[in-house]
Asks: 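Dumping the structure here so I can ask a few things about it.
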Amino acid sequence: MTPMSNVDLAGAVARLRTAGSVVITSHLDPDGDAIGSTLALADLARALGIREVQCLNNDPVPSLYQWLPGASQIETPESAGNTVRDLAVVVDTSVWDRLGAAGDAVRQAREVLVLDHHLADAPIGDRFLVDPGYAASGELVMELHDAAGVDIRGETAEALYVAIATDTGGFRFSNTTPRTHRLAARLVEMGLDVAAISERIFDGMSPTKFELLRRALGRAEFAADGAVVHSAILQEDIQAAQAGPDEVDGLIKYLRNVDSVQVAIMFRELDDTTTKVSMRSRNGFNSAEFLQQFGGGGHALAAGATLALPLEEARGVLLDRVTPIVGETS
Ligand code: 5GP
Ligand code: MN
């Protein structure tokens with residue numbers, strides 16, 4: 001058991017086995033790991049004989065992942081009923097803040113089980129298995145199938161592969177381990193069309209997302225002798241590009257790719273007084289730790305926060321804090 005856990009895989013399976021009904025939820029602004037892990041957990045819950053299995057997320061499934069089999073079963077709080085479940089399973093986050101309105105269903109549930117791989121000081125839930133050694137929550141969920149003795153179905157293999165591939169940036173980030181490849185290899189052995197999945201989640205880009213990218217790159221600015229790069233997406237960009245709000249995700253990787261950059265920051269104007277910050281770093285700068293002072297978190301090399309400040313103020317405050325530290329560590 002890791003220091004951030006009070007239950008192991010077998011213990012987590014035991015909690016699932018005793019539940020008659022379950023609600024499975026993940027973080028707002030869901031990514032491939034959040035969606036893939038949710039769908040795979042739903043399948044596991046059904047295989048374990050849980051009669052009522054509900055999937056819930058604060059936000060709709062991003063268009064990038066809507067093709068995943070079963071994605072349409074993920075409800076949002078507006079459309080979901082108000083049923084109290086035996087067990088709430090929270091996956092890919094361990095903080096209330098990140099659950100949004102889906103947190104109500106979690107609070108009401110008789111018991112809460114958290115399965116996560118983010119750095120966490122005080123995970124929510126009665127039982128929590130939080131292990132940053134997993135590159136993706138999908139790895140954890142796959143091992144949960146093994147611990148339960150449940151075979152992975154073909155459709156679930158796709159969900160798990162998407163979860164693992166997205167959180168490792170296509171098996172390229174430093175979180176990728178031999179275990180990551182071993183687990184993924186088992187999924188590929190099941191006959192997945194790896195090329196088709198990669199095209200969908202990595203290489204394909206809608207014309208509207210391309211327009212956002214053009215604007216983000218056009219507005220990029222460097223600081224700290226090129227070690228910091230930052231850019232912004234404004235509400236007017238989303239409107240002008242006729243893009244979906246989820247299409248901002250992933251733009252930041254193009255900023256981080258510049259050789260001199262140690263920290264890339266994307267500021268997104270949510271409304272006139274709220275700014276979402278995304279941060280990506282290279283080894284030596286811990287983005288999650290840095291963003292804790294702004295109420296954010298995530299991983300060492302990929303983290304985020306939401307600030308109750310207009311975009312330019314948020315940018316000013318953050319750059320003031322980040323620039324001197326980057327100078328130190330570079
Ligand atoms: P992104 O920049 O893609 O939204 O998020 C990068 C990583 O940081 C993801 O693992 C995400 O879950 C996490 N993250 C993003 N925003 C927040 C936040 O406001 N609070 C916390 N704790 N984590 C966040
Ligand atoms: Mn994840």
Side-chain angles (χ1 to χ4, degrees), residues 28-29 31 97-98 118-119 132 166-170 172-175 202 205 208-241 243 245-330:
L28 35 83
D29 287 337
D31 53 16
D97 278 5
R98 300 278 293 149
H118 292 85
L119 296 168
T166 50
D167 260 25
T168 56
R172 291 177 302 130
F173 296 163
S174 58
N175 58 1
F202 293 125
M205 190 186 312
T208 52
K209 183 162 183 165
F210 178 78
E211 181 54 30
L212 287 183
L213 177 61
R214 186 209 302 275
R215 286 163 178 258
L217 293 183
R219 227 178 259 141
E221 286 176 50
F222 290 89
D225 292 329
V228 175
V229 63
H230 55 101
S231 186
I233 289 289
L234 313 177
Q235 283 173 282
E236 64 186 50
D237 294 320
I238 307 266
Q239 280 153 15
D246 60 54
E247 294 194 298
V248 181
D249 295 347
L251 299 182
I252 191 171
K253 75 177 177 208
Y254 297 94
L255 300 176
R256 198 192 65 157
N257 284 351
V258 182
D259 292 339
S260 64
V261 167
Q262 201 180 5
V263 180
I265 313 169
M266 179 69 87
F267 297 93
R268 179 172 143 208
E269 186 181 44
L270 294 181
D271 58 41
D272 291 350
T273 55
T274 323
T275 305
K276 162 86 209 261
V277 176
S278 282
M279 201 170 211
R280 300 290 183 271
S281 47
R282 290 205 164 92
N283 278 326
F285 188 94
N286 190 320
S287 291
E289 264 176 29
F290 175 81
L291 285 179
Q292 265 169 16
Q293 65 188 305
F294 299 101
H299 307 279
L301 304 185
T306 302
L307 275 62
L309 289 173
L311 187 136
E312 286 311 330
E313 280 181 47
R315 195 203 302 252
V317 170
L318 222 103
L319 290 178
D320 277 354
R321 300 262 174 99
V322 82
T323 318
I325 328 176
V326 170
E328 272 169 27
T329 52
S330 61

Asks: I'd like to know if the side chain of Thr208 and the backbone of Ala243 have a donor-acceptor N/O pair within less than 3.5 Å.
Replies: no

Asks: For the atom pair CZ (Arg282) and OG (Ser260), what is the distance rounded to the nearest 0.5 Å?
Replies: 8.0 Å

Asks: Measure across Gly296 and Ala305 and return the closest heavy-atom pair with its distance rounded to 0.1 Å.
Replies: CA-CB, 3.6 Å

Asks: Got a second to check how far Gln235's CD is from Asp272's CG, nearest 0.5 Å?
Replies: 5.5 Å

Asks: Counting C-beta onward and ignoring hydrogens, is there a side-chain heavy-atom pair between Thr166 and Asp31 closer than 4.5 Å?
Replies: no

Asks: Atom CG of Asp97 and atom CG of Leu28: how far apart are they, to the nearest 0.5 Å?
Replies: 8.5 Å

Asks: I need the Tyr254 OH to Leu213 CG distance, nearest 0.5 Å.
Replies: 6.0 Å

Asks: For the pair Thr306 (side chain) and Thr274 (backbone), establish whether a donor and an acceptor sit closer than 3.5 Å, ignoring hydrogens and angles.
Replies: no

Asks: Tell me whether Lys276 contacts the main-chain N or O of Gly304 through its side chain, where contact means a donor paired with an acceptor under 3.5 Å.
Replies: no

Asks: Please check if atom CG in Asp225 has more than 12 non-hydrogen atoms from other residues, nucleotides or ligands closer than 6.0 Å.
Replies: no

Asks: Nearest 0.5 angstrom please: Arg215 CZ to Glu236 CD, how far?
Replies: 7.0 Å

Asks: Should the pair His230 and Phe267 be assigned to parallel (<30°), tilted (30 to 60°) or perpendicular (>60°) ring geometry?
Replies: perpendicular

Asks: Are Arg256 and Phe285 in a cation-pi setup, meaning NZ or CZ lies under 6.0 angstrom from the ring centre and within 45 degrees of the ring axis?
Replies: no

Asks: Can you check whether Leu307's main-chain N or O pairs, donor with acceptor, with Thr275's side chain at less than 3.5 Å?
Replies: no

Asks: Working to the nearest 0.5 Å, report the span between NE2 of His299 and CZ of Phe173.
Replies: 10.0 Å

Asks: Grab the two heavy atoms, one from Ala232 and one from Arg219, that are nearest each other, plus how far apart they are.
Replies: O-NH1, 2.9 Å

Asks: What are the two closest non-hydrogen atoms of Ala300 and Ser281, and how far apart are they?
Replies: O-OG, 3.2 Å

Asks: What do the steps show when you test Phe290 against Ile325 for side-chain contact (heavy atoms from CB on, under 4.5 Å), and what is the final call?
Replies: CA-CA 10 Å; Phe290 175 81; Ile325 328 176; 3.6 Å; yes

Asks: Would you name the heavy atoms of Gly297 and Ala303 that are closest together and state the gap between them?
Replies: O-CB, 3.2 Å

Asks: Looking at Pro245 and Ile238, what are the two nearest heavy atoms and their distance?
Replies: CA-CD1, 4.4 Å

Asks: Under the criterion side chain to side chain contact (heavy atoms under 4.5 Å, CB included), which of Asp249, Ile252, Val229 is the partner of Met266?
Replies: Ile252

Asks: Under 3.5 Å, is there a donor-acceptor pair between the side chain of Asp237 and the main chain of Leu234?
Replies: yes

Asks: Does any non-hydrogen side-chain atom of Val261 lie less than 4.5 Å from one of Leu255?
Replies: no

Asks: Taking all heavy atoms of Ala216 and all of Ser231, pick out the closest pair and write down the distance.
Replies: O-OG, 2.6 Å

